[in-house]
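Taking it in order: structure first as structure tokens, then the write-up.
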Amino acid sequence: MTEKPKMQTAEELFDILIKNVSEEDKPEVTRAYEYARKAHKGQFRKSGEEYITHPLHVAIILSEIGLDRTSMVAALLHDCVEDTDVTSEAVEAEFGSDVVRLVDGVTKLGKIVYDSKEEAQMEDLRRMFIAMAKDIRVIIIKLCDRLHNMRTSMFWSERKQVEKSLETMEIYAPLANRLGMQNMKWELEDLSLKILDPIGYNEIMSYISDKEQTLEVFLEGVQQNIGEKLRDAGIKCEIKGRVKHVYSIYRKLYGQNLDFSEVYDICAMRVIVDDLSDCYNVLGYVHDIYKPVPGRFKDYISTPKPNGYQSLHTVVIGREGIPFEIQIRTKAMHEMAEYGVAAHWKYKDGLHGRQNEETFAWIRQLLENQQETEAQEFVTNIKQDLFVDEVFVFTPKGDVINLPSGSTPIDFAYEIHSAVGNKMVGAKVNNRIVSLDYELQNGDIVQITTSKEVGGPKRDWLKIAKTNTARTKMKQWFKKECHEENVERGKTDLDRELRINFLYTDFYNEANNKVILQKFNINSMEELYASIGYGGTPLSKALNKIKEEINKINKAKELENPNRQIAPKKGVSSSGVYVDGIDNCLIKFAKCCSPIPGDEIIGFISRTQGVSIHRKSCDNVRKSLENPEEAGKWIKVSWQNSTKNRYSTDIKIETKTRIGVYVEVLNIFANMKINVSKMNVRDEIDGHSIFYLTVDVTGVEQLELAMSRVRKTKGVLDVYRKFGDAEE
């Protein structure tokens with residue numbers, strides 16, 4: 001059970017806050033506290049505390065990381081506009097425009113009703129990011145607000161705990177990281193993990209507790225060895241040892257599928273020196289004492305992280321054979337690592353000039369990339385942009401470009417400029433020609449070849465590009481330059497999917513069509529087709545919205561006409577498939593796509609062979625629906641809720657060639673009582689083997705479980721479900 005935090009009164013908390021505030025700032029902070037306490041009078045948190053204790057905690061966290069008076073005043077007032085009768089105008093009149101800008105930036109749009117949770121989250125995030133682009137203190141206050149809420153999350157319902165923890169892990173912890181606020185990031189991650197996987201969290205805490213004494217002795221020994229060496233060399237330094245935070249260990253354990261006995265580098269040492277030159281001198285002395293692990297040295301001083309983090313990292317082997325990490329940095333670098341962007345207020349009185357522009361540049365770019373996107377896509381893209389590993393590459397002139405891990409030359413080109421990407425015809429990496437889907441590696445020197453004759457980006461680049469920046473810029477080009485092509489492509493794709501889902505007639509009903517277009521905030525069908533054609537509106541999301549609106553319209557019609565005719569009954573055969581309106585029909589499963597329960601299916605009426613069942617995503621279905629003579633032969637079908645039948649489907653297994661792998665794979669299917677009706681094995685020249693199996697399963701769920709177990713077999717490289725010549 002989670003331990004509840006110690007309750008403190010508002011008076012006790014205010015005393016803590018005011019001690020952290022300068023004499024000059026005390027009158028204004030006191031006035032803000034009294035104003036907020038009066039506004040929140042009679043309001044209580046779920047813990048039973050006065051509501052004002054929450055703004056006080058947020059202000060205290062801000063004071064501890066060194067934010068200015070305006071930020072602390074805004075923190076004390078940040079819930080007044082959202083949760084009381086106080087208006088933004090009243091706050092501005094009382095405390096000024098700077099304070100109200102911060103308060104409005106943190107305030108949710110809670111009083112506006114949206115169609116979905118995603119839309120509400122999108123608008124809250126969009127508003128927050130716009131405010132951030134004007135004043136970075138908005139997100140610092142929001143992070144402190146989220147941190148205190150997570151510290152007191154035990155008072156929420158279980159569902160809310162999980163929802164808020166996921167949001168914290170996906171958005172707020174990565175934001176803290178992006179701002180260089182490592183301590184904030186670590187605590188947010190650990191608090192979230194404690195809720196999302198309490199068993200894993202407690203296992204790690206128990207392990208650390210059991211090893212506490214051993215780790216302390218180990219760290220003290222390392223600290224003494226390094227300290228003596230550096231004192232003899234005349235280098236002044238401060239040495240700190242620590243155990244890595246819980247989530248960091250958790251990712252290592254479960255991300256790499258390791259046991260505790262295999263995780264050694266859970267300790268880290270920090271060596272903090274006065275001068276930059278001493279950093280590299282210390283590195284040399286450390287490598288004299290301990291053997292470095294090859295490939296585990298990183299120089300974030302010469303190539304800082306995008307959040308401003310600078311340090312030398314090296315992993316070395318201790319005398320006990322235990323690897324551990326050593327971080328070497330100056331005091332200024334350490335302050336930046338601890339406080340991130342907040343260090344500019346703690347030590348430099350805010351951000352100015354170029355620092356200000358550099359800090360906000362990524363936020364502005366992130367906002368530009370998310371314009372005209374659907375709610376769910378906006379939130380997904382924000383998470384992707386914030387929560388990625390990075391790779392550092394160079395232009396031919398030596399400028400450093402940081403991109404998400406897995407980025408390609410296409411991403412590099414669009415990161416330089418949209419004009420470079422639009423005119424790209426090829427790329428060289430380290431002076432060698434590479435394909436456009438080449439994954440860039442740390443240290444690569446990338447050169448883009450362009451031509452004025454090229455007609456713009458290719459549509460398949462959208463699937464190759466890793467970054468939202470590249471995809472957004474390509475979509476903008478397609479939207480501007482290929483309107484007629486977009487309209488034609490969008491109509492073809494949409495009509496095909498409408499026919500597959502039997503929505504075509506309902507969608508093109510004039511009355512329905514008008515209502516549906518309003519939901520898209522689009523004025524004409526041509527505009528919708530074009531948006532789908534250039535990728536601005538993903539086809540799957542357009543289809544889901546159309547399906548949802550048509551269902552609402554049809555339900556409303558049913559309520560208006562209670563004496564309506566009963567729909568034709570669904571016919572069912574021994575195959576386990578319902579066929580709308582047809583009884584006792586012959587059912588045949590198409591070999592081109594081998595559908596099994598769990599797949600979305602559709603039926604084709606044949607004069608001689610009854611109804612042929614296909615997966616909706618089958619290529620033959622798509623081609624047939626585009627043929628006017630065949631489009632009307634498709635019919636709705638669905639699986640029975642439960643069936644004891646077994647269905648054949650094909651899978652492909654790629655393995656390293658080794659004795660016994662065939663038997664191990666077949667044993668997995670035998671243990672799961674899955675019949676293997678056909679098997680073909682082919683050994684490749686390069687030491688790999690390929691199995692082609694036909695298996696009889698109850699459905700997708702059983703097949704996926706079997707495939708996941710096969711993937712874990714030693715030597716298995718991957719497993720695919722096979723459809724004709726296609727694989728999935």
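Note that this is a predicted model, so its numbers are computed, not measured.
Contact of the Ser418 side chain with the Met474 side chain is not registered, since no non-hydrogen atoms from C-beta on lie closer than 4.5 Å. Annotation: side chain of Tyr414 is not in contact with side chain of Val420 (no heavy-atom distance under 4.5 Å).
By the salt bridge (charged side-chain N to carboxylate O under 4.0 Å, His left out) test, Asp25 is found to be paired with Arg69, residues two or more places apart in sequence or in another chain being considered. Checked against side chain to side chain contact (heavy atoms under 4.5 Å, CB included), Glu187 has the following partners two or more places apart in sequence or in another chain: Leu147, Arg151, Leu191.
Using a cut-off of 4.0 Å between Lys/Arg side-chain N and Asp/Glu carboxylate O, Lys552 and Glu548 are scored as salt-bridged.
Side-chain atoms of Asp506 do not come within 3.5 Å of backbone N or O of Ile550 as any donor-acceptor pair. Between the side chain of Ser531 and the backbone N or O of Thr537 there is at least one donor-acceptor pair closer than 3.5 Å. Side-chain atoms of Ser407 come within 3.5 Å of backbone N or O of Pro404 as a donor-acceptor pair. Distance alone, capped at 3.5 Å, is enough to place a donor-acceptor pair between the Thr30 side chain and the Lys26 backbone. Judged purely by atom type and a 3.5 angstrom limit, Gln310 has no side-chain atom pairing as donor or acceptor with the backbone of Met333. Between the side chain of Arg471 and the backbone N or O of Lys466 there is at least one donor-acceptor pair closer than 3.5 Å.
Ring centroid separation for the pair Tyr201 and Tyr247 does not come in under the 6.0 Å cut-off.
Applying the 6.0 Å contact sphere to CD of Glu11 captures more than 12 heavy atoms from other residues, nucleotides or ligands.
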Determine, step by step, whether Thr53 and Arg45 satisfy the side chain to side chain donor-acceptor pair (under 3.5 Å) criterion, reporting the C-alpha distance in whole Å, the side-chain angles of both residues, the deciding distance to 0.1 Å, and the verdict. CA-CA 9 Å; Thr53 58; Arg45 306 192 83 214; 5.2 Å; no

Full working for ring-ring contact (aromatic ring centres under 6.0 Å, His included) between Phe14 and Tyr33: CA-CA 8 Å; Phe14 179 69; Tyr33 162 67; 4.4 Å; yes

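Every pair passing ring pair (Phe, Tyr, Trp, His ring centres under 6.0 Å) that includes a residue from residues 55-79 is listed here, sequence neighbours excluded: His54-His78, His57-His148.
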